[in-house]
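All chains are named by letter (A, B, ...) in the order of the sequence lines, taking the proteins before the strands, and each is independently numbered beginning at 1. Heavy-atom basis, side chains included; hydrogens, waters and symmetry copies ignored.
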Protein chains: 2
Amino acid sequence: MSKRSRAPAMRDVARLAGVAPMTVSRALSGHPSVRAETRKVVVRAANKLGYVHNFMASALLRRGSKLIALVVPNVSNSVFAETIHGLEEVLSVEGYTLTIGHSGYSKDEEERLVRTLLGYGPDGVVLTGLTHTRATRSLLTRAGVPIVETWNIGSKPIDMAVGFSNFDAAFQATEFLIRRGQKLLAYAGGTQTDNDRTQAREAGFRAAVAKAGLEVREDWVSTMPMELSSGVELARRFAEMNRKPDALFAASDVIASGFILECNRLGVRVPGDIAVTGFDDAPLAEVIEPQLSTVHVPQREIGRLSASLILRRLAGEQHVPTVHDVGFRIVSRASA
Amino acid sequence: MSKRSRAPAMRDVARLAGVAPMTVSRALSGHPSVRAETRKVVVRAANKLGYVHNFMASALLRRGSKLIALVVPNVSNSVFAETIHGLEEVLSVEGYTLTIGHSGYSKDEEERLVRTLLGYGPDGVVLTGLTHTRATRSLLTRAGVPIVETWNIGSKPIDMAVGFSNFDAAFQATEFLIRRGQKLLAYAGGTQTDNDRTQAREAGFRAAVAKAGLEVREDWVSTMPMELSSGVELARRFAEMNRKPDALFAASDVIASGFILECNRLGVRVPGDIAVTGFDDAPLAEVIEPQLSTVHVPQREIGRLSASLILRRLAGEQHVPTVHDVGFRIVSRASA
DNA sequence: TTGTAGGCGTTATCAG
DNA sequence: CTGATAACGCCTACAA
């Protein structure tokens, strides 16, 4: 155990098995032209030595690194965590591993990350959103591997896109509130910077309000971190206003939930005094009291589907459709 | 853009810059012995071609892959998401990238993953928990890179450990309930299989109950997925019992929160009818009504610290302590 | 300060 | 069915 030499390589397995390294390569990768007998000897030798396949060498030959690069804005946001889970679920079965970077909602940071991740010769790349720097797009195009942009659709993707129309979803969620008779609409969304999903949601909100002939009061529109505390703060702010909204569309269940919990505490009735609609359909949405009306989004499915599109491409399939709309669903519960 | 050839390599940059590949290597890696003039020419050529450094080739030379391998039980569990965030935060600054695998709480799957991840020649490995298969331990020991086991301390680590005593934390949380005068204690924890953290927490609970001369009723002890719905189900189950507990220690805030929300719905008063203590100090804990007493754990700090220990080791520091107790804190709020 | 030779571990290709 | 050779992109060691 004190031998701090190098890990056993194919040549070591080959020596022990009494064959050439090439035969080991074939035997271990399941090449059909290896005699069953030979294969057995090789496998036994490999196990005995604790041989671990070196992906870096294969990657160098551009024969597939079995790596998929992923860039998300924020690893600890639960919606992306679900998407990562979905990706992992499908990819790990085929022996792929994820390399992850988080951009912190910055397109420049995303560019830096993509550059770094491409240095590992990934067999595919998964990004969040549709807007990127020119350099990012160009790097990815040249990489010549399948690229999937997730969580939004609308503009032309670099290669493939898996998501839904954030604009339409927000538009319909807002119309849902308006149909209930609410006229004084407030909006709370995540930070706008470099975030096309949030931008589309706010645009959808504004469009629905305008279509109904209503007005958007700018002091009822807030962008804040997607955290429970943001919702809490918002509820307090509304409580102090003279003119209060009668409905809130929060572009995140987390914000909406914080808002409802604080309303309960302040004695503001939901939906009596203010109706609330969220976004994402987080687990909390159907457990909170009152249950939260929201936009259901197949978070994990986005990951699963992205993974399988990449796998299909890598398997040589030619006609993989480029834009996948996974849809959304307005979920009507007690809060609105 | 339709040229599907290969990505530019050093030799291409060299050709364009009119120097040898070796000079490109030195110029780009900031080697001091390169003339400023030459460096400028090289950098310009590299940018022009969109050169991306190939980490796989450097890794092959055993010069460091700039990759850190991470194995977590579950990517979408928010406590691990926070730890991943902490790791990323520190590692990305130094140009490291994470490769991630999820074991689904299976030690055999963990072994498979470690084997795969080691194939990328990571410069460090981060695991969750202290129990692993023999083969896992042996693979990691032989790898000769810094290893950190996280989220628990107690037994001897493979190399380094960053965490806290789950036993002590659960013990103290239970004593906290007992000091309040509760005598009929229930426990709800995550799945036991291959999970030393959960096992230690249950053991801590039992030890505290025994120490107080009380008894553990086995029908009040449940292991269930760490989800809100588990807490909801538990509240319903208790409501139908003839003999009910007067306190619940849930080894997860998620379960505790689901429990409280359902109690509110059922008209069961917290803490009047049943006191509740959670674990983790999730954001929801201080927003829920009543606010949740819990065990605060520095989730993100576990990631940050693990990362910096690895970096210190890689920087050649010899005397990096092997066991880091990040501690915990009993947080007293309204629910108990 | 810059260049040349060789090899890291694997696999495509061609020979046997 | 198995083996020898060369090459993937980079960097250490040595030379100029």
Side-chain angles (χ1 to χ4, degrees), chain A residues 5-43 45-46 49-67 95 116 118-123 143-145, chain B residues 5-43 45-46 49-67 116 118-123 143-144:
Chain A
S5 50
R6 65 174 173 66
M10 275 195 180
R11 89 177 83 89
D12 304 302
V13 178
R15 201 173 304 133
L16 182 60
V19 298
M22 194 57 235
T23 304
V24 175
S25 173
R26 284 195 271 250
L28 261 30
S29 66
H31 196 285
S33 81
V34 178
R35 233 183 354 146
E37 181 72 15
T38 311
R39 189 189 310 275
K40 204 155 58 180
V41 175
V42 169
V43 168
L49 293 179
Y51 170 75
V52 177
H53 180 86
N54 187 328
F55 286 101
M56 299 175 287
S58 332
L60 201 51
L61 296 161
R62 285 187 265 101
R63 273 296 167 274
S65 58
K66 287 282 180 176
L67 237 33
T116 302
L118 285 179
Y120 293 101
D123 294 337
V145 295
Chain B
S5 50
R6 66 171 172 67
M10 277 194 181
R11 89 177 80 91
D12 304 302
V13 178
R15 199 174 305 133
L16 182 59
V19 297
M22 196 54 239
T23 305
V24 175
S25 174
R26 285 196 269 251
L28 261 29
S29 66
H31 196 285
S33 80
V34 177
R35 236 186 347 149
E37 180 73 17
T38 312
R39 189 188 309 277
K40 203 154 61 182
V41 175
V42 169
V43 169
L49 293 178
Y51 170 75
V52 176
H53 181 87
N54 187 329
F55 286 99
M56 289 304 194
S58 331
L60 203 50
L61 296 160
R62 292 199 237 82
R63 292 262 313 143
S65 58
K66 288 281 182 178
L67 238 31
T116 303
L118 285 179
Y120 294 101
D123 295 336

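In the model, A:His31 has no side-chain atom that pairs as donor or acceptor with a side-chain atom of A:Ser29 under 3.5 Å.
Summary for the helix from C:dT1-D:dA16 to C:dG16-D:dC1: the axes at its two ends, each from 5 pairs, differ by 40° when rounded to the nearest 10 degrees.
For the pairing with B:Arg39, the side chain to side chain contact (heavy atoms under 4.5 Å, CB included) check across B:Val41, B:Val42, B:Val43 returns one residue only, B:Val43.
Remark: side-chain polar atoms of B:Ser58 are paired, donor with acceptor, to backbone N or O of B:Asn54 under 3.5 angstrom.
The shortest heavy-atom contact between A:Ser65 and A:Pro122 is OG-CA, 3.5 Å.
We find that CG of A:Asp12 is positioned 13 Å from C1' of C:dC8, with the value rounded to whole Å. Residue A:Lys66 contributes atom NZ, which lies 22 Å from atom P of C:dG9 at whole-angstrom precision. The CZ-C1' distance, from A:Phe55 to C:dT11, rounds to 14 Å in whole Å. The distance from atom CG of B:Leu60 to atom P of D:dA7 is 17 Å, rounded to the nearest whole Å. Between A:Tyr120 atom OH and D:dG9 atom P there is a gap of 17 Å when expressed in whole angstrom units. Taking atom CG of residue B:Leu28 and atom C1' of nucleotide D:dG9, one finds them 13 Å apart after rounding to whole Å. Atom CE of B:Met10 and atom C1' of D:dG9 are 8 Å apart (whole Å). Computed from coordinates, the B:Asn54 CG to D:dG9 P distance equals 7 Å when rounded to whole Å.
With contacts defined as side-chain heavy-atom distances shorter than 4.5 Å, the pair B:Tyr51/B:Val24 does not qualify.
Taking only side-chain nitrogens and oxygens, A:Tyr51 comes nearer than 4.0 Å to OP1 or OP2 of C:dT10. Dashed line: the shortest gap from a side-chain N or O of A:Ser25 to OP1 or OP2 of C:dT10 is not under 4.0 Å.
The A:Leu61 side chain lies nearest to D:dC8 when the options are D:dC11, D:dG9, D:dC8.
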Could you write out each protein N or O paired with an N or O of nucleotides 1-3 of chain D at a distance under 3.5 Å?
residue	atom	partner	partner atom	Å
D:dT2	OP1	A:Arg35	NE	3.4
D:dT2	OP1	A:Thr38	OG1	2.3
D:dT2	OP2	A:Arg35	N	3.0
D:dG3	OP2	A:Ala20	N	3.0
D:dG3	OP2	A:Thr23	OG1	2.4
D:dG3	N7	A:Arg26	NH2	2.6
D:dG3	O6	A:Arg26	NH1	3.3
D:dG3	O6	A:Arg26	NH2	3.1

